[in-house]
Amino acid sequence: MSGQRSQQWYAGGDRNAYIHRAWMRRGLPGHAFDGRPHVAIANTASALTPCNAHLDEVARSVENGIWEAGGVPLNLPVVSLGETQVRPTAMLWRNMAAMATEEMLRANPIDGVVLLGGCDKTIPALLMAAASVDLPAVVVPGGPMLTGTFRGHPLGCGTDVWRLSEEVRAGTLTQREFTASESSMIRSRGHCNTMGTASTMGLLAEALGMSLPGIAGTPAPDSRLLELSHATGRLAVGMIAEGRRPSEVMTRASFLNAIVTLAAIGGSTNAVVHLLAIAGRLGVDLSLDDFDRTGSGVPLLVDLLPAGRHLMDDLYRAGGLLAVLREVRDLLDPEAVTVDGTPLTAHLGDARIFDEEVIRPRDRPLLHDAGIAVLRGNLAPHGAVIKPAAASPELLRHRGRALVFDSVEDARARLNDPDLDVDETSVLVLRGCGPRGYPGMPEVANLPLPPKLLARGVRDMVRVCDGRMSGTAYGTVVLHVSPEAAAGGPLGLVRTGDPIVLDVEARRLDVDLPAGELATRSPATAAVEAFANPSRGWERLYVDHVMQADTGADLDFLLGSSGHQVARESH
Ligand code: FES
C-alpha cells in the first residue's frame, strides 16, 4: 500500500516527513505510517445539531472497522448544520459546509473518507465535498429517531408540531398538554422520522450507490446501525485498495436511479436542488428536466407522513429501501454500481416487503405517478417544480388573480388581515425567497392560507414562490421558480391582479399579459428593497456567487471536480 496519498506526507527521512509523523504519534503506533491507508471520518456530530449528536458513537464503530481492516481512522469534525437551530435557514450554509469539508479533505494526509451525516443539509454537503475531492468515500446515514407517542398516538416530527399547535389555537389542546408533548416528539437520538429531507437524502445516498446497501433508514438507536458502521469502516479500506472513487459510483445512471427512488419513496422536493448540486460537482450531465422525464410514471410505494400515515421506523420494519427498490427494479439502471463495486440492482434479490400497508407492492401503489413536474413559461423561463402528488387535483389547471407578497415579512404582515383582497381562486405569489434574495432559499413557499379563507373551509390554494418548501409540507405549491426575482427573474415584475395561469399537464406557468407588457415593467421597488444585501463575510460571498435553483444553488466557482492534489509544503 506504499502508493497511498498519505505517504506523500509520511514516507521518508526528511524534516517534513519527521514533522508530519511526529505530531501524529499521540496515540498512533509507529506502524501507522508504514503505508497503510489513512481514512478520515468526516463527522458532523454537534451538540447544536441534535439530529447528529449521536454520530460520535457511530464514528467509534467506523474506527473499529477501519483498524480491523488494516487502516488508520482519523476523526475529522466538520461543519455541522442543525436544521431547527440555525437562523435564518440552514441552506444558507450548505455550500459553506461543503466547501470547508472539501478543503479539509484535500489539505490533510488522507486516502479516503467515511461521511457521517443526518440532519437535512449534512449529507448533501458531505456528498458535494466528496464529489469535488474525488477520494474514495462512503456515507453512513445517521438514521431516523424512533417513533414517539403522545396520548397514545405516534408523533411525526415537524408535521405533528404544526397539527398540535393548530389544536391549541382551536382550543382542543391546552397549552400545558402542548408543552408536555415536546418530550414525546423527539423520543430518541436520530433525525426526523417523517419522509422529510433528512430521511430522503439518507435513502438517496444509498440509491446513488454511496453507502453500504441496506444501511439507509436504520434507526439511529438500532444496534444494527453500529454493526453496519463497523462494516462501512472495513469497506472504506477496501475501497481505497481498489481505488473506487465517487466519480465512478455517482454516474448519470446513479442519479437517474436516485430520481426513480425519490418518486417511489415520495421524497422531499429539496432533493432536486441537492442532487443537481452534487451532479454539478462531478460534471455529470443532469438537468431539471431529468426529474420530470425519469420520475414521470414512477409509482408512489411508501406510505409515510407527511403525505401518508407511517414513519421511518415503520419503513425499516417493513423491509426498508431495498424492498422498495425491488418493486421498481425494472426502472433502475443495472449499470450503476455501489461503493462495494457491485451493481445496486444486485442487492435486491433477498429484499422483501414485510408490511404492505407501509410499502405497497408495485401492483397496488398509493399513486401511479409520483414524479416531480417541471414547469416553464414566461414566469419561470429556466424552470420551476411542483409535486403533483402533494397538490389538489382540481388546482393543477388553474387561472387566478395574483396576490403578490414582496418578502416573507410582507406576507406575515398582511396574510392575517381580515380585509385582505383575496378569494380561493387567487394565486399567492411570494418573491424574494430564492437563493440570492433571502439569502439561502428558505422553506417558505407553502404560505399559510389567509385565516378568512380557512374559516370558509378553503384548505389549499395555488402558491408560487422562488423559495423552497419543507419536506414535511404539501399543497399546490410551485417552487424553485428560476430565475428568482432577485436575479432579475420575471417573478419580480408581477403585480397584484395579474392573471396567473398554471397548467401542470402542459408543464406551463405563465402570467397572461399582452405580449411585451412584462418587458415594459421594472422590478417592484418594495421587492428590490427587501432583497438581501449583506455587507461582509460568508453571506456576501454567497450572494455574489450563488447560482439559481435550476442548477442546484451551488456557488459558481465550486462547479466541477478539482480532485485531490497534494497541498504544497510549507515547513
Ligand atoms: Fe434535523 Fe429534521 S431537524 S432532520
Side-chain angles (χ1 to χ4, degrees), residues 91 259 262-263 267-277 286-296 370-392 395-400 402-405 411 427-438 441-447 460-471 473-494 498-513 518 523 527 546-553:
M91 185 64 176
I259 291 172
L262 177 63
S268 162
T269 46
N270 285 324
V272 176
V273 182
H274 297 321
L275 288 175
L276 287 168
L286 189 78
S287 75
L288 205 48
D289 294 318
D290 285 314
F291 287 83
D292 200 324
R293 267 194 299 266
T294 303
S296 289
I372 285 167
V374 175
L375 313 174
R376 286 202 168 74
N378 66 7
L379 259 192
H382 296 172
V385 304
I386 185 169
K387 198 169 167 185
S392 303
L395 290 175
L396 293 176
R397 196 163 177 200
H398 182 80
R399 181 187 175 94
L403 173 57
V404 179
F405 298 101
V427 174
L428 305 182
V429 175
L430 176 60
R431 58 191 171 202
C433 301
R436 194 187 295 177
Y438 189 72
M441 208 182 171
E443 295 179 327
V444 292
N446 54 318
L447 272 177
D460 194 11
M461 294 172 72
V462 175
R463 285 156 278 179
V464 176
C465 182
D466 44 14
R468 295 177 301 124
M469 177 168 87
S470 163
Y474 57 98
T476 309
V477 188
V478 179
L479 317 148
H480 308 178
V481 172
S482 299
E484 64 177 306
L491 202 64
L493 305 174
V494 175
D498 286 346
I500 307 285
V501 183
L502 170 68
D503 187 341
V504 174
E505 194 180 337
R507 301 297 197 254
R508 297 289 304 181
L509 176 70
D510 294 283
V511 52
D512 187 12
L513 294 171
L518 274 184
V546 71
M547 300 187 301
Q548 292 296 287
D550 62 305
T551 52

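Looking at every heavy atom in both residues, D512 comes nearest to R399 through OD2-NH1, 2.8 Å. A445 approaches C465 most closely through the heavy-atom pair CB-CB, 3.6 Å. Pairing each heavy atom of R431 with each of A485, the nearest pair is CB-CB, 3.9 Å. In this structure, G295 and A263 approach most closely via the heavy-atom pair O-CB, 4.2 Å. What you find for A373 and V504 is that their closest heavy atoms are CB-CG1, 4.0 Å. Residues P483 and P381 come closest through the heavy atom pair CD-CD, 3.9 Å.
Here the CD atom belonging to Q548 is positioned 8.0 Å from the CE atom belonging to M441, to the nearest 0.5 angstrom. Distance check: L379 CG to L518 CG gives 7.0 Å after rounding to the nearest 0.5 Å. Put simply, CD1 on I259 and OG on S296 are 10.5 Å apart, with the number rounded to the nearest 0.5 Å. To the nearest 0.5 Å, atoms OG1 (T551) and CG (L286) are separated by 11.0 Å. Remark: S470 OG to E443 CD distance equals 5.0 Å, nearest 0.5 Å. Distance OG/S268 to NZ/K387: 6.5 Å, rounded to 0.5 Å.
With sequence neighbours excluded, the residues satisfying side-chain contact (heavy atoms from CB on, under 4.5 Å) with D510 are N378, R508. Residues satisfying the side chain to side chain donor-acceptor pair (under 3.5 Å) test with T269, not counting sequence neighbours, are none. In this structure L447 satisfies the side-chain contact (heavy atoms from CB on, under 4.5 Å) test together with F405, A411, L415, L428, L430, R463, sequence neighbours excluded. Residues that satisfy the salt bridge (charged side-chain N to carboxylate O under 4.0 Å, His left out) test with D290, not counting sequence neighbours, are R252, R293. Here A380 pairs with A384, V481, L509 under the side-chain contact (heavy atoms from CB on, under 4.5 Å) rule; sequence neighbours left out.
Counting heavy atoms from C-beta outward, R468 and L479 have side chains that stay 4.5 Å or more apart. Proximity of L262 to I372: side-chain heavy atoms (C-beta onward) are separated by under 4.5 Å at one or more points. In this structure the side chain of V273 reaches within 4.5 angstrom of the side chain of M91, judged on heavy atoms. L502 is not listed as a side-chain neighbour of L396, based on a closest heavy-atom distance of 4.5 Å or more.
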side-chain contact (heavy atoms from CB on, under 4.5 Å), that's the test. Do V444 and Y438 meet it? Break it down for me. CA-CA 11 Å; V444 292; Y438 189 72; 5.8 Å; no
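Ion pairing of D289 with R376 is present here, as a side-chain N (NZ or NE/NH1/NH2) and a carboxylate O approach within less than 4.0 Å.
Annotation: salt bridge (charged side-chain N to carboxylate O under 4.0 Å, His left out) contacts involving residues 473-488, sequence neighbours excluded, are absent.
Of the candidates N446, D460, V464, V385, N446 is the only one forming a side chain to side chain contact (heavy atoms under 4.5 Å, CB included) with V477.
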